Amino acid sequence: MSAPAPSTLAIVDAEPLPRQEEVLTDAALAFVAELHRQFTPRRNELLTRRGERRAEIARTSTLDFLPETAAVRADDSWKVAPAPAALNDRRVEITGPTDRKMTINALNSGAKVWLADFEDASAPTWENVVLGQLNLTDAYERRIDFTDPKSGKSYALKSADELATVVMRPRGWHLEERHLQLDGVSVPGALVDFGLYFFHNAQRLIDLGKGPYFYLPKTESHLEARLWNDIFVFAQDYVGIPQGTVRATVLIETITAAYEMEEILYELRDHAAGLNAGRWDYLFSIVKNFRDGGAKFVLPDRNAVTMTAPFMRAYTELLVRTSHKRGAHAIGGMAAFIPSRRDAEVNKVAFEKVKADKDREANDGFDGSWVAHPDLVPIALASFDAVLGEKPNQKDRLREDVSVAPGDLIAIDSLDASPTYDGLRNAVAVGIRYIEAWLRGLGAVAIFNLMEDAATAEISRSQIWQWINADVVFENGEHATADLARKVAAEELAAIREEIGEETFTAGKWQQAHDLLLQVSLDQDYADFLTLPAYEQLR
């Protein structure tokens, strides 16, 4: 008797989208279903392990390099695979969601790499998930254009040799895709994003002289990197491309991953391309993990925590040293400034700050860095050109002068700054404005001349939560309390209503965003990710 045919993926509670049949083919869905069967059980175990690790941190208020992997760190013989030609020069990378206009603008931006984002810069509506995949395939097939309905301006791709190399970022392990289910169980969003993209584009990218390249977000341990490596091995065999074709850059944006950088590269060594220093999620992770560690772990206003803060400098310098020791790229952080079309003075001051930040990264040994807007590409390019010249990277700078002790990475109290009342007000204002846009399906949002994504909202709500629970006293004498947060949130909501007018306010999701921000900022039971309760409200 033959074995029963395996179950197929069901599309659940989703309105049909134009051309979705090109993405959601039977063969592509069968591949995603197989990824789900093979790897979701391990993903679930690793999510449980995250909770156990967090409980251990709550008990000890410390972290250390892992004793059980000391041999990996001590072994100087191993390196990651050499970079493919398309990823050897990464001196400027632009980030952004995969809507049609952004796809064209990012590829045309002059950056070496585009981080095509299905994660923090994209609210995971079904439309964004499916049509984002379609836009990338259309770009590779050179059948993409866009005309802005408001301005009438048309956008089209430049010649192939002028386009950025795409490095795609799937969702983090914690998120489900409720619209794709196998036997009533939702498939992890990471496997949906990776699976659809890889299945449709791996061979297509090889034919273009590039390959399926990925950014891996929210990684918390080398065991999570091992899971991704096993997925890559399986996927390459499944579609019949050579092992090692996939390349992955890991965002070191959690405090636990900062203690396992070498191990993460080791697990991915045949597929590793580099490490990236992601600032806001990193701070969010520090608050999340050490939120009950007392006053010495209380972060000041987010804008007071620059990359020159001692504990942030320890993190970035260790990242450069670790990456280069193992032959991997070290990619710096985000310049999030959005140029103003009306205020040249604001631009002048901001551009000087961006230049100083990129100069610092280039001089510290980074091989490239991120920007959020095409106007910042030339600034970042100039900083790295000044250091690199004609060289594609500076992986030969081993930074053996760097020595980071375990305590250096969590020496939060080495920063001479305190939370302020204006910091609370800013966290509330940015949190409400970002969440409102996210609930409307927008993941990358310009707020107060900065491009904000989900990591912004996470640090905002985490700081409100931490300051209240640590009973912080602001410089004006006010205590951080739930009542104060509610008062500030009510004032901010009223100000937004007055600013945009009653009709626009009512048409938006402002009250819903206000309520959700307060829920995740004031609940005693701290939500692991803001996007989990937010996803329940995303329709």
Side-chain angles (χ1 to χ4, degrees), residues 45-74 172-174 216-227 250-268 275-300 302 305 307 309-323 325-326 330 333 399 402-415 455 458-459 462-463 465-466 469-470 526-529:
E45 290 169 7
L46 288 168
L47 290 184
T48 299
R49 187 177 180 277
R50 285 183 179 183
E52 293 165 352
R53 188 101 181 266
R54 155 62 202 146
E56 177 70 6
I57 293 168
R59 189 178 64 78
T60 63
S61 287
T62 193
L63 274 168
D64 203 343
F65 302 111
L66 300 180
E68 63 267 30
T69 54
V72 170
R73 297 192 299 276
W173 280 126
H174 59 289
L216 304 181
K218 310 268 193 296
T219 299
E220 296 197 15
S221 73
H222 71 286
L223 298 179
E224 294 180 18
R226 182 182 298 170
L227 172 59
V250 180
L251 291 111
I252 303 299
E253 56 184 354
T254 67
I255 185 62
T256 52
Y259 287 85
E260 300 183 35
M261 293 189 210
E262 286 196 80
E263 294 90 331
I264 285 167
L265 287 174
Y266 180 78
E267 295 294 345
L268 285 159
L275 301 177
N276 166 272
R279 176 178 169 193
W280 294 137
D281 259 322
Y282 189 72
L283 294 177
F284 156 54
S285 174
I286 290 173
V287 175
K288 176 160 69 171
N289 279 287
F290 290 94
R291 62 183 182 266
D292 34 26
K296 71 175 185 173
F297 290 106
V298 173
L299 281 175
R302 71 162 180 148
V305 188
M307 298 307 276
F311 70 99
M312 295 299 280
R313 191 134 184 81
Y315 150 62
T316 55
E317 298 229 290
L318 181 62
L319 189 145
V320 172
R321 176 176 176 148
T322 302
S323 298
K325 176 183 177 184
R326 301 305 180 179
R399 291 306 312 272
V402 170
S403 177
V404 174
D408 296 345
L409 294 167
I410 49 174
I412 313 304
D413 54 356
S414 65
L415 186 60
E458 292 285 25
I459 188 64
S462 297
Q463 292 207 283
W465 193 99
Q466 185 186 46
N469 282 272
Y526 178 97
D528 276 349
F529 293 94

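Model, not experiment: these values are computed from the prediction. For the single chain, residues carry numbers from 1 onward in sequence order.
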For E267 and H222, test the side chains for any donor-to-acceptor distance below 3.5 angstrom and give the result as yes or no.
no

When the ring planes of F284 and F529 are compared, do they come out parallel, tilted or perpendicular, using 30° and 60° as the limits?
perpendicular

Below 4.5 Å, heavy atoms only, C-beta onward: do S285 and E253 meet side chain to side chain?
no

Under-4.0 Å salt bridge between R49 and E224
no

Find out whether M312 and L283 are in side-chain contact, i.e. whether some heavy atom of one side chain is under 4.5 Å from a heavy atom of the other.
yes

So, do I264 and M261 sit near enough that their side-chain heavy atoms are less than 4.5 Å apart?
no

What I'd like to find out is whether the side chain of R291 reaches to under 4.5 Å of the side chain of R54, using heavy atoms alone.
yes

Check whether T254 reaches the backbone of K218 with its side chain - one donor and one acceptor, N or O, closer than 3.5 Å.
no

Side chain to side chain contact (heavy atoms under 4.5 Å, CB included), that's the test. Do F290 and I412 meet it? Break it down for me.
CA-CA 10 Å; F290 290 94; I412 313 304; over 6 Å; no

May I ask you to decide if the ring planes of Y259 and F65 are parallel, tilted or perpendicular, using 30° and 60° as cut-offs?
tilted

Across all chains, not counting sequence neighbours, the side chain to side chain donor-acceptor pair (under 3.5 Å) partners of Q466 are none

How long is the span from the CZ atom in R279 to the CD1 atom in I459, to the nearest 0.5 Å?
10.0 Å

Output the distance between atom CG (D292) and atom CD1 (I57), rounded to the nearest 0.5 Å.
10.0 Å

With rounding to the nearest 0.5 Å, note down the distance linking OH in Y282 to CD1 in I255.
3.5 Å

Got a second to check how far L275's CG is from T316's OG1, nearest 0.5 Å?
12.5 Å

Can a donor-acceptor pair be found, under 3.5 Å and without considering hydrogens, that links the side chain of R321 to the backbone of V402?
yes

Between Q463 and R302 (side chain of the first, backbone of the second, donor and acceptor by atom type, cut-off under 3.5 Å), is there such a pair?
yes

Would you call Y266 and T69 a side-chain contact if the rule is heavy atoms closer than 4.5 Å?
no

Minimal heavy-atom distance between P217 and L251, with the atoms involved, is CA-CD1, 3.6 Å

Looking at CZ of R53 and OG of S221, how far apart are the two atoms once the value is rounded to the nearest 0.5 Å?
7.0 Å

How far does OG of S403 sit from CG of D408, to the nearest 0.5 angstrom?
7.5 Å

Before you tell me yes or no, could you show the steps for R73 and L66 under side chain to side chain contact (heavy atoms under 4.5 Å, CB included), namely the whole-Å CA-CA distance, both residues' side-chain angles and the distance that decides it to 0.1 Å?
CA-CA 10 Å; R73 297 192 299 276; L66 300 180; 4.2 Å; yes

Step-by-step side chain to side chain contact (heavy atoms under 4.5 Å, CB included) determination, Y526 to N469:
CA-CA 11 Å; Y526 178 97; N469 282 272; over 6 Å; no

Taking the side chain as every heavy atom from C-beta outward, state whether Y315 and I252 have any atom pair closer than 4.5 Å.
yes

Answer yes or no: is there an ion pair linking D281 with K288, defined by an N-O contact shorter than 4.0 Å?
no

Per the side chain to side chain contact (heavy atoms under 4.5 Å, CB included) rule, which among D64, L63, T62 passes with P406?
D64

Could you tell me which non-hydrogen atom of V404 sits nearest to which non-hydrogen atom of A314, and how far apart they are?
CG2-O, 3.6 Å

Heavy-atom check, side chain of V305 versus side chain of W280, under 4.5 Å:
no

What heavy-atom pair brings S414 and P310 nearest, and what distance separates the two atoms?
OG-CB, 3.4 Å

